[in-house]
2 protein chains.
Amino acid sequence: MDVTLAAGGAWTDPACPVARTVDLIGDRWSLLIIRDAMDGATTFTEFHQRLGIARNILTDRLRKLVEYGILDKSAATDGRRHTYRLTEAGQDLFTAVVALRQWGERHAFAPDEPHSILVDDQGRELPELHPLGQDGAPLSAEASHVRKTA
Amino acid sequence: MDVTLAAGGAWTDPACPVARTVDLIGDRWSLLIIRDAMDGATTFTEFHQRLGIARNILTDRLRKLVEYGILDKSAATDGRRHTYRLTEAGQDLFTAVVALRQWGERHAFAPDEPHSILVDDQGRELPELHPLGQDGAPLSAEASHVRKTA
DNA sequence: TCCAATAAGTTGCAAAATGCAACCTATCTG
DNA sequence: CAGATAGGTTGCATTTTGCAACTTATTGGA
């Protein structure tokens, strides 16, 4: 299930997709939960240990992410564990996570400061992600604008 | 100036670029301020009117975004106005904003629900943004992983 | 079988962030 | 020089977040 039906509607800006996305995952923890899910975390305890988030807040965020259709919760074969997995919509956040990560790599670390990097199966660093126009050339913010729809 | 030197260091996860980026702009308003800056907003009043944000919070966010090297503040020719403009680092967030926007378009609206779209100078909608591997094929979260650096 | 450990929460209370409305100061305009 | 405009600041109420202790269910081992 997609987000669509969730959250009756107290959107920051009802027609803007950026605002909606921020309303759903624009807090201190949600994106980091999603990041860790992409990196293999599946249980409450795993998320808790990796993030150092307060347990009640983690409970709340996991519940909301499930409600929004970003995570799926199921009982593990284990019996006492639960398993949280990214839905298709959750996996589709990969692009956004990569974009935020690459910006951080470029602008939020000192030149000599160590930081983790994202690599492919062959251990090669990912190419930089940039919006392209229809012609395939990089597109800047000035060369684009928001069009309101009816 | 880049973020690099700002913020003494109470990072959520000191080595993760995603966490750093979220620490800097992962709140309810910063990304929307940046979105509006990309859409042409430059003054305190403009941001306030577009966002409906509380004035003291806007003051605080603008101050932080300037401190982080994302916005630049200058006196307008006007004399009583101030002008906030995206720095190079701020403009470089365009990729992330587009990624979040496109995810929202795909997953946060009902099929028939109207929402704004991002178009280029010729009025054509932007192509979907996706991480690619070195070979140019789309890369999924499973086909990549985080490598810790010393 | 029973008991300690593990997993996933819940609850109560303190602290921090956010929001609202009124107030303040400087500049600009008529 | 008076009113309007721009960009704040301040005090207080509300909401969100965080911490620590407590609860329930399951599980593996003595």
Side-chain angles (χ1 to χ4, degrees), chain A residues 7-13 19 22-34 36-37 40-68 70-86, chain B residues 6-13 19 22-37 40-68 70-86:
Chain A
W11 308 108
T12 303
D13 181 343
V22 168
D23 281 346
L24 296 174
I25 57 170
D27 65 280
R28 179 137 267 87
W29 294 113
S30 296
L31 265 165
L32 300 181
I33 291 170
I34 291 160
D36 283 351
T42 59
T43 67
F44 184 93
T45 303
E46 266 179 306
F47 288 112
H48 180 239
Q49 287 174 349
R50 294 196 192 200
L51 290 168
I53 181 179
R55 302 172 71 79
N56 52 343
I57 305 301
L58 178 56
T59 300
D60 179 72
R61 291 304 181 279
L62 288 173
R63 188 187 58 70
K64 282 183 178 161
L65 290 173
V66 168
E67 180 189 331
Y68 297 160
I70 291 169
L71 288 179
D72 182 73
K73 181 182 184 174
S74 60
T77 53
D78 186 301
R80 58 183 159 176
R81 279 182 169 83
H82 295 159
T83 301
Y84 294 92
R85 289 189 195 290
L86 290 165
Chain B
W11 307 109
T12 303
D13 181 343
V22 168
D23 280 346
L24 296 174
I25 57 169
D27 66 278
R28 177 139 271 87
W29 294 112
S30 296
L31 265 166
L32 299 180
I33 291 171
I34 291 160
R35 172 203 64 178
D36 283 351
T42 59
T43 69
F44 184 93
T45 302
E46 266 179 305
F47 288 111
H48 180 239
Q49 288 174 348
R50 294 196 192 200
L51 290 168
I53 181 178
R55 301 171 69 81
N56 52 343
I57 304 300
L58 178 56
T59 300
D60 179 73
R61 292 303 180 279
L62 289 173
R63 190 187 55 71
K64 282 183 178 161
L65 289 173
V66 168
E67 179 189 330
Y68 298 159
I70 291 169
L71 288 178
D72 182 73
K73 181 180 184 175
S74 61
T77 53
D78 187 302
R80 58 184 160 174
R81 280 182 169 84
H82 296 158
T83 301
Y84 294 92
R85 289 189 194 289
L86 290 164

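Convention: sequence-line order gives letters A, B, ...; per-chain numbering from 1. All of these numbers come straight from a predicted model, not from anything done at the bench.
- Rounded to the nearest 0.5 Å, atoms CG (B/D13) and CZ (A/R50) are 11.0 Å apart.
- At a cut-off of 3.5 angstrom, the base of D/dG7 holds at least one donor-acceptor pair with the side chain of B/R55.
- In this model, the phosphate group of C/dT18 is approached by a side-chain N or O of B/R61 to a distance below 4.0 Å at OP1 or OP2.
- Backbone-only engagement by A/Y84 is indicated by non-hydrogen atom pairs under 4.0 Å involving sugar-phosphate atoms exclusively.
- At whole-Å resolution of the value, CZ in A/R63 and C1' in C/dA8 are 15 Å apart.
- In this structure, A/I33 places its CD1 atom 13 Å from C1' of D/dT17, rounding to the nearest Å.
- A/D23 contributes a side-chain N or O that, together with a main-chain N or O of A/T12, makes up a donor-acceptor pair within less than 3.5 Å.
- Straight-line distance from the CD1 atom of A/I57 to the C1' atom of D/dT15: 11 Å, rounded to whole Å.
- The distance from atom NE2 of A/H48 to atom P of D/dA20 is 11 Å, rounded to the nearest whole Å.
- Taking 4.0 angstrom as the limit, A/H82 places a side-chain polar atom (N or O) nearer than this to OP1 or OP2 of C/dG9.
- Below the 3.5 angstrom threshold, one finds no donor paired with an acceptor across the side chain of B/D78 and the base of C/dC28.
- The CZ atom of B/R81 sits 22 Å away from the P atom of C/dT25 (whole-angstrom rounding).
- Toward the 5' end of DNA chain D, the nearer of the two residues B/T42 and B/N56, judged by each one's closest nucleotide, is B/T42.
- At C/dG19, one or more side-chain N or O atoms of B/W29 fall inside 4.0 Å of OP1 or OP2 (strictly under the cut-off).
- The interatomic distance linking B/R28 (CZ) with D/dT14 (P) rounds to 20 Å, in whole Å.
- Projected onto DNA chain D by closest heavy-atom contact, A/R80 and A/I53 fall at different nucleotides, the more 5' of which corresponds to A/I53.
- Between the CG atom in B/L51 and the CG atom in B/D36 there is a gap of 4.5 Å [rounded to 0.5 Å].
- In this structure, A/L71 CG and A/R85 CZ are separated by 11.0 Å, a value rounded to the nearest 0.5 Å.
- With a 4.5 Å cut-off on side-chain heavy atoms, A/W11 and A/L24 count as touching.
- Note on A/T45: only backbone sugar-phosphate atoms sit closer than 4.0 angstrom, heavy atoms only; bases stay farther off.
- The nearest whole Å value for the distance from the CG atom in B/L58 to the P atom in C/dA17 is 18 Å.
- Atom CZ of A/F44 and atom C1' of D/dT23 are 13 Å apart (whole Å).
- For C/dG9, the OP1/OP2 oxygens have a side-chain nitrogen or oxygen of A/K73 closer than 4.0 Å.
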